[in-house]
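Below: the structure, in structure tokens.
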Amino acid sequence: MSNNLAIKLRSGTQQAHTDAENVGFMKCFVQGVIDRECLSKFLSNLYFVYSELETAIEKHKQHPVIGGMYFPELNRQASLEKDMLFYYGNLWPHLLKPSAATEKYITRIYEISAHEPALLLGHAYTRYMGDLSGGQMLQKVAQSALKLSEYEGTEFYNFEQIPDKQAFKNKYRQALEQLPVDDTTADQIVAEANHAFYLNMEILKELETILIQSLGRATYNDLV
Ligand code: HEM
């Protein structure tokens, strides 16, 4: 019997998705207004987020909910390490630290991993389904705007083990529907997914400040 979790997640985060698309940084990014500094900062923040998330998922892979959604082919940490090497060179592990908003995001993942691991699903859904959807378009925009070859500097978006994104997303949604979750847990997972959207938006807003500095306020206002 289906728990309708895929539908609940999609409809329950629809408003948050619209809000995320409307953050100035995202509106600029989709129009190709993105520079190397912003993109590398964006990806470095995601490096810290995915390292925390994937450590937590690995830790809970025997958990009935997290184990049912264990798809290591989604893992992004190694791809993000390649991007960090590209932008920051060999010394990248010594040069980078999470931004203030990123700290809040990883603290939240750490806390739910310790106390309510089922809720990690809200974070996995929000990030991975987004990366396989709008993220694929963002990769093309970034590649063209920064004149990068193939996935150079955008390895993050390169799901080598998932050639057919649509088929995988269907499989992921089916797996969501089969999970052993009651209505209360489903509602909590949807609430956590909304929280994940919010935490992502906070990172995007930080980047907006950097983008405004490099573009100038007047140009930025014309774009958003
Ligand atoms: C301008 C930015 C964005 C664009 C253009 C965009 C675009 C899209 C599109 C077209 C889909 C539908 C894909 C499909 O049905 O197969 C989608 C789905 C999704 N996006 Fe985004 N997106 C953006 C930003 C974000 C952000 C910032 C997040 C979260 C951090 C996110 C998370 C998601 C999720 C979780 C889904 C899956 C919905 C579902 O089918 O359950 N998106 N996005």
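In each ligand, atom 1 is the first atom listed, and ligand 1 is the first ligand listed. Side chains are part of it too, since the values below use all heavy atoms of this structure and drop only hydrogens, waters and symmetry mates.
Residues Y151 and L132 are members of separate hydrophobic clusters, defined by side-chain heavy-atom contacts under 4.5 angstrom among Ile, Leu, Val, Met, Phe, Trp and Tyr.
Under a 4.0 Å criterion applied to the non-hydrogen atoms of T126, ligand 1 contributes the atoms 29 (C), 30 (C), 32 (C), 35 (C). Counting atoms of ligand 1 from 1 in the listed order, those under 4.0 Å from a heavy atom of N200 are 30 (C). Close approach to M129 involves these atoms of ligand 1, each under 4.0 Å from a residue heavy atom: 35 (C), 37 (C).
Contact record, L120 with A56: CD1-CB, 3.8 Å, taken as the closest heavy-atom pair.
Remark: distances from the non-hydrogen atoms of M201 to ligand 1 are all 4.0 Å or more. The closest approach between any non-hydrogen atom of Q166 and ligand 1 is below 4.0 Å. Under a 4.0 Å heavy-atom criterion, V30 is in contact with ligand 1.
Using a 4.0 Å threshold on non-hydrogen atoms, atom 10 (C) of ligand 1 does not count as touching the protein.
Within the 3.5 Å criterion, the main-chain N or O of R76 finds a donor-acceptor partner in the side chain of E54. D83 places a side-chain N or O within 3.5 Å of a backbone atom of F156 that can act as its donor or acceptor partner.
Judged by distance alone, the side chains of T185 and D182 do bring a donor and an acceptor atom under 3.5 Å apart. In this structure, a donor-acceptor pair under 3.5 Å is present between the side chains of Q15 and D19. At a cut-off of 3.5 Å, with distance as the only test, no side-chain donor of T154 or Q143 sits close to an acceptor on the other residue. If you check the side chains of N75 and Y50, you find no donor sitting under 3.5 Å from an acceptor.
Any N or O atom pair closer than 3.5 Å counts here, and K169 shares at least one such pair with ligand 1. Residue-to-ligand polar distances keep R127 apart from ligand 1: every N/O pair is separated by 3.5 Å or more.
At the shortest separation from atom 43 (N) of ligand 1 among protein heavy atoms lies H17 NE2, 3.0 Å. Scanning all protein heavy atoms for the shortest distance to atom 41 (O) of ligand 1 gives Y125 OH, 2.5 Å. Atom 29 (C) of ligand 1 has as its closest protein heavy atom F197 CE2, 3.4 Å. The protein atom (non-hydrogen) at minimum distance from atom 27 (C) of ligand 1 is A20 CB, 3.8 Å. Looking only at heavy atoms of the protein, atom 40 (O) of ligand 1 is closest to R173 NH2, 2.7 Å. With hydrogens left out, the protein atom closest to atom 12 (C) of ligand 1 is S133 CB, 4.2 Å, a heavy atom. Among all protein heavy atoms, the one lying closest to atom 15 (O) of ligand 1 is R10 NH2, 2.9 Å.
Partner of R108 under the salt bridge (Lys or Arg N to Asp or Glu O under 4.0 Å) criterion, out of E192, E103, E52: E192 alone.
For an aromatic pair to be called close, the ring centres must be under 6.0 Å apart, and F168 with F71 satisfies this. In this structure, F42 has its ring center closer than 6.0 angstrom to the ring center of F25.
Neither the backbone nor the side chain of K27 has a heavy atom within less than 4.0 Å of ligand 1.
Residue nearest to atom 4 (C) of ligand 1, selected from M26, E21, K8: E21 (by heavy-atom distance). Taking each of G122, G134, C28, G12 in turn, the one with a heavy atom nearest to atom 7 (C) of ligand 1 proves to be G134.
For R173 and Y125, the positive end is not near the middle of the six-membered ring at less than 6.0 Å and at most 45° from its axis.
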